[in-house]
Amino acid sequence: MINAGDLFVSIVAGLAMPLAMLDGFKALAGSVLPTQSAGLQIERRPLVWLMAILLGPALFADRMISSWRDGELSAADRINAVVITLGWSAVYGFVVLSLIEAVTSA
């Protein structure tokens with residue numbers, strides 16, 4: 001069972017790790033992130049899928065913050081975006097911390 005302390009650590013780890021990796025990627029790539037072409041389509045570039053898996057919460061949080069600053073989000077959208085970001089970060093952090101625990105206890 002997860003308690004409040006575990007949830008907090010999972011959220012912090014789930015935000016900190018992808019944000020650190022995103023900043024490192026931006027430093028190496030010169031702040032140029034791959035963008036999707038116009039329209040909904042299946043992405044075929046493996047780098048984009050890898051970034052989505054490893055940096056998902058950070059990319060979502062980065063997009064949320066920029067949309068918030070630009071005034072593109074309504075009040076309800078802001079609340080939903082924050083809840084989604086925190087939830088995604090909690091799951092991400094829990095999975096990463098569980099993997100670390102499994103590796104170190106083996």
Side-chain angles (χ1 to χ4, degrees):
M1 190 71 184
I2 191 166
N3 61 24
D6 293 338
L7 180 64
F8 178 75
V9 171
S10 294
I11 290 172
V12 170
L15 275 175
M17 291 173 38
L19 283 171
M21 289 187 288
L22 180 62
D23 285 343
F25 183 80
K26 283 182 178 180
L28 293 175
S31 189
V32 178
L33 295 174
T35 57
Q36 184 176 3
S37 306
L40 183 62
Q41 60 189 4
I42 295 176
E43 186 58 61
R44 295 191 175 138
R45 296 176 289 179
L47 177 63
V48 175
W49 283 101
L50 183 64
M51 284 180 59
I53 292 169
L54 295 177
L55 309 175
L59 291 170
F60 190 81
D62 190 47
R63 177 63 188 218
M64 176 194 63
I65 291 168
S66 66
S67 296
W68 193 329
R69 287 181 182 157
D70 295 340
E72 298 172 357
L73 297 178
S74 66
D77 288 341
R78 286 183 222 146
I79 293 169
N80 288 332
V82 168
V83 169
I84 291 168
T85 301
L86 293 177
W88 193 354
S89 298
V91 171
Y92 186 97
F94 182 76
V95 168
V96 169
L97 293 174
S98 296
L99 289 173
I100 291 171
E101 182 181 18
V103 168
T104 56
S105 66

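Residue numbers count from 1 along this sequence. Side chains included, hydrogens not; waters and symmetry mates left out as well; all remaining heavy atoms used.
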Quiz item: How close do Pro57 and Ser89 get, heavy atom to heavy atom, and via which atoms?
Solution: CB-OG, 3.7 Å
Exercise. Identify the two heavy atoms, one from Leu73 and one from Arg78, that lie closest to each other, and give their separation to 0.1 Å.
Key: O-NH2, 3.3 Å
Practice problem: Using a 4.5 Å cut-off on heavy atoms from C-beta on, say whether the side chain of Arg69 contacts that of Ile65. | Solution: yes
Self-check item: Flag side-chain contact, heavy atom, 4.5 Å: Thr85 against Leu15
Solution: yes
Please round to the nearest 0.5 Å and tell me the distance separating atom [atom1] of [X] and atom [atom2] of [Y].
| X | Y | atom1 | atom2 | value |
| --- | --- | --- | --- | --- |
| Leu86 | Ser10 | CG | OG | 12.0 Å |
| Leu22 | Met17 | CG | CE | 13.5 Å |
| Leu28 | Asp23 | CG | CG | 11.0 Å |

Is there a donor-acceptor pair under 3.5 Å between the side chain of [X] and the backbone N or O of [Y]?
| X | Y | answer |
| --- | --- | --- |
| Ser67 | Met64 | no |
| Tyr92 | Leu54 | yes |
| Asp70 | Glu72 | no |

Practice problem: Tell me, yes or no, whether the heavy-atom count around Phe60 atom CZ, taken from other residues, nucleotides or ligands under 6.0 Å, exceeds 12. | Solution: yes
Quiz item: Should we say atom CZ of Arg63 is surrounded by more than 12 heavy atoms from elsewhere, each under 6.0 Å from it?
Solution: no
Consider only side-chain heavy atoms of I, L, V, M, F, W and Y, link residues closer than 4.5 Å, and tell whether [X] and [Y] are in one cluster.
| X | Y | result |
| --- | --- | --- |
| Leu97 | Val103 | no |
| Ile84 | Leu55 | no |
| Phe25 | Met21 | yes |
| Leu50 | Val95 | no |

